[in-house]
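The next block holds one structure in the form of structure tokens; read it before the comments.
No hydrogens, no waters, no symmetry mates; every other heavy atom, side chains included, goes into these values. Naming convention: chains lettered A, B, ... in sequence-line order (proteins, then strands); numbering from 1 in each chain.
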Amino acid sequence: MKYGVNDHGYYGDFGGAYIPEMLYPNVEELRQQYLTIINDEGFKAEFNDLLKNYVGRPSPLYHAKRYSEKYGANIFFKREDLNHTGSHKINNAIGQILLAKRLGKKRIIAETGAGQHGVATATVCALMGIECVVYMGEIDMARQAPNVSRMKMLGATVRPASSGSKTLKDATNEALRDWIANPVDTHYIIGSVVGPYPYPDMVARFQSIISEETKKQLVEHTGKELPEYVLACVGGGSNAMGMFYHFLDDEQVKLVAIEAAGKGVDSGHSAATTFLGHEGVLHGSRTILMQTPDGQVVEPYSISAGLDYPGIGPQHAHLYKINRAQYVSVTDDEAMQAGLLCSQMEGIIPAIESSHALAQLEKMKFKSSDNVVICLSGRGDKDLDTFIKYFNY
Amino acid sequence: MNRLNQLFASKKDNLLSIYYTAGYPALNTTVAIAEALEKAGADFLEIGFPYSDPVADGPTIQHSSEQALINGMTLNQLFEELTELRKRVTIPILLMGYFNPIVQYGIERFCKKAGELGVDGVIVPDLPMYEYEELYSSYFIDNNLSNIFLVTPQTSPERIRKIDELSNSFIYLLSSSSITGGSLQLTANIEDYYKRIKGMELKNPAIIGFGISDNATFTKACQYANGAIVGSKFVKLLSEEGYMEKIPGFIKSIKQ
Ligand SMILES: Cc1ncc(COP(=O)(O)O)c(C=O)c1O
């Protein structure tokens, strides 16, 4: 893999494991074992069986006919929204819970923004009968209330993160503090391609099933493995990394990552990390993050809780810096309109996160022969309240 | 030889270090507090520079960091305040904080500035050993700054040996794997851990931190190490009215 991680956990200038000594034994244990465990035949068989029979994979690659007509290209949706629990997050949660079991861990912690990763983690913990604690920013608990209820019903404890800005980054801080205090029996299921090495690589591998399936499905639809364009939204970047993974080395495939511009990149209320960020260290990896000149992390803003994060995974920072993928941004308004359009033209209510990727179609020019794949990372059920308020239904 | 080495050469037991957050409760108090602590009998000091996302800290130091940032504390401001340092304070001084503000300031520039101002060492919990050794150690060494590594009950003996090798003043022993502000635990396991470290006969002295808050915990810690560090308990004192006058009594209550 030309764009993969090196032995020290770096993608070019980005990555590494910038963690306090208290976390070292846990992270080191993972680093030493993750590849052996996930390449083990028994692990693969169990992982694939759960993906097939529990998650419902492969997720369809749907040829969106009315969209194709409208945008003048062959538009395909990779339907991660049809997965059990409603988003791509379950792929990673299944992978990590199986890994945690093999490491002998008795307790799981997770952070969540939109609640999708929290729900996915609570779900796999219920499935395996393992204790689950999910940290969620107080503000996110209010704006994603249905997911809080779902996690509780699944038997998880949801702990509010009331420090700092009370959103995803603070939930991540609280989860890291919990892990420091519980160094032996606990595994931290990080929900995106962020955090100290080996998390970015491990999560990318678990999500890479998205592009692995897409390649095969494209052959069925188009007779070719490779599309011209691949699009995905980026919060921390896990659905995008899963969607890009098996296309990275196919240089002719244009990769487009869509960040949340919030009220506009220059409005002071934005989460467009590559536009507003600088290189630094966040949550254990060297990456690009939004920060003050003094190195304090800046609170991002997006209408979408899942994209409301001040950094991106280190592999994205690398792909951005070397121009292997193009990073663009879409505002709240553009995303909300795109969500409505998809609902009414394709009969699919997308998550607001995924709506950001859909909105990018408006800004692109295609040839009629172009094949374009968009990762529909999640469904919009959790966002109905936000959609209803926004459109005054 | 910096001031830390001189201190450890002359005094081997019951060393007391105090941590506090620069810019808390107000700007332009850093050197005055250091001066008061030296007069009261502290042996060396750790001055924290605040960060927005202090993952290794509990509520007390989180709060002091937040307030310090609201007050306008930055590395530039801290260095400005520290120009007075060596006119008024003679005991060893360490700076403690997270890596990102240092990265933005410039790592080499940070080390140079700290060295010029008479700072003796640095504690950066999230600067990993590999990166320190491969990329940055020369900046620290060239400026006569000791980089302090942490050790927890889970740190392996091989890693402790490596840390001992890379250290040149002291090793920071965590009383347990925890964030700051907890309480000292003395289970059989923890005693074993202290004894295990003592038995390794490391070349660097060991100082115990996290959870030291009064004479009882300080005395206990000093049975196993060369000294101990009080953090959150002192930061709490700084939130009280008339804290400057209370500093001598506070140090006395710990050392007795
Ligand atoms: C549906 C959906 N898409 C995307 C994201 C963003 O995360 P990532 O960038 O890791 O895919 C989230 C996060 O909660 C989500 O729920």
For chain A, find which of E134(B), H63(B), E131(B), E66(B) contributes the most heavy-atom pairs closer than 4.5 angstrom. E131(B)
Could you go through E21(A) and T155(B), starting from their C-alpha distance and side-chain angles, then the distance that decides it, and tell me whether this counts as side-chain contact (heavy atoms from CB on, under 4.5 Å)? CA-CA 8 Å; E21(A) 186 63 28; T155(B) 309; 3.4 Å; yes
Is it the backbone or the side chain of E279(A) that comes under 4.5 Å from a heavy atom of chain B, or both, or neither? backbone
Any side-chain heavy atom of Y105(B) within less than 4.5 Å of one from D294(A)? no
Structural part of L23(A) lying under 4.5 Å from a heavy atom of chain B: neither
For I102(B), is it the side chain, the backbone, both, or neither that has a heavy atom closer than 4.5 Å to a heavy atom of chain A? neither
When heavy-atom pairs shorter than 4.5 Å are enumerated against chain B, which of R286(A), E299(A), H278(A) gives the highest number? R286(A)
Assert top hit (heavy-atom pairs under 4.5 Å, partner chain B, pool S163(A), P25(A), P183(A)) equals P183(A)
Scanning both residues in full, the closest heavy-atom pair of S177(B) with M22(A) reads OG-CB, 3.8 Å
CD1 on I180(A) to OG1 on T152(B), rounded to 0.5 Å: 10.0 Å
Can you say whether L174(B) sits under 4.5 Å from chain A via the side chain, the backbone, both, or neither, judging by heavy atoms? side chain
Looking only at atom types and distance, does a side-chain atom of R159(B) sit under 3.5 Å from a main-chain N or O of Y24(A), one as donor and one as acceptor? no
So, the part of F210(B) with a heavy atom under 4.5 Å from chain A: the answer is side chain
Looking at E174(A), Q296(A), K169(A), which makes the most heavy-atom pairs under 4.5 Å with chain B? Q296(A)
Using a cut-off of under 4.5 Å on heavy-atom pairs, state which of E28(A), H8(A), R177(A) scores highest against chain B. R177(A)
Short side-chain to backbone donor-acceptor contact, N100(B) and G280(A), under 3.5 Å: no
Is the shortest heavy-atom distance from the side chain of D53(B) to the side chain of N173(A) under 4.5 Å? yes
Any Q104(B) side-chain heavy atom under 4.5 Å of P293(A) side chain: no
Check each atom of V55(B) against the heavy atoms of chain A and say whether the ones under 4.5 Å are side chain, backbone, both or neither. both
Heavy-atom proximity to chain B below 4.5 Å, by part of V298(A): neither
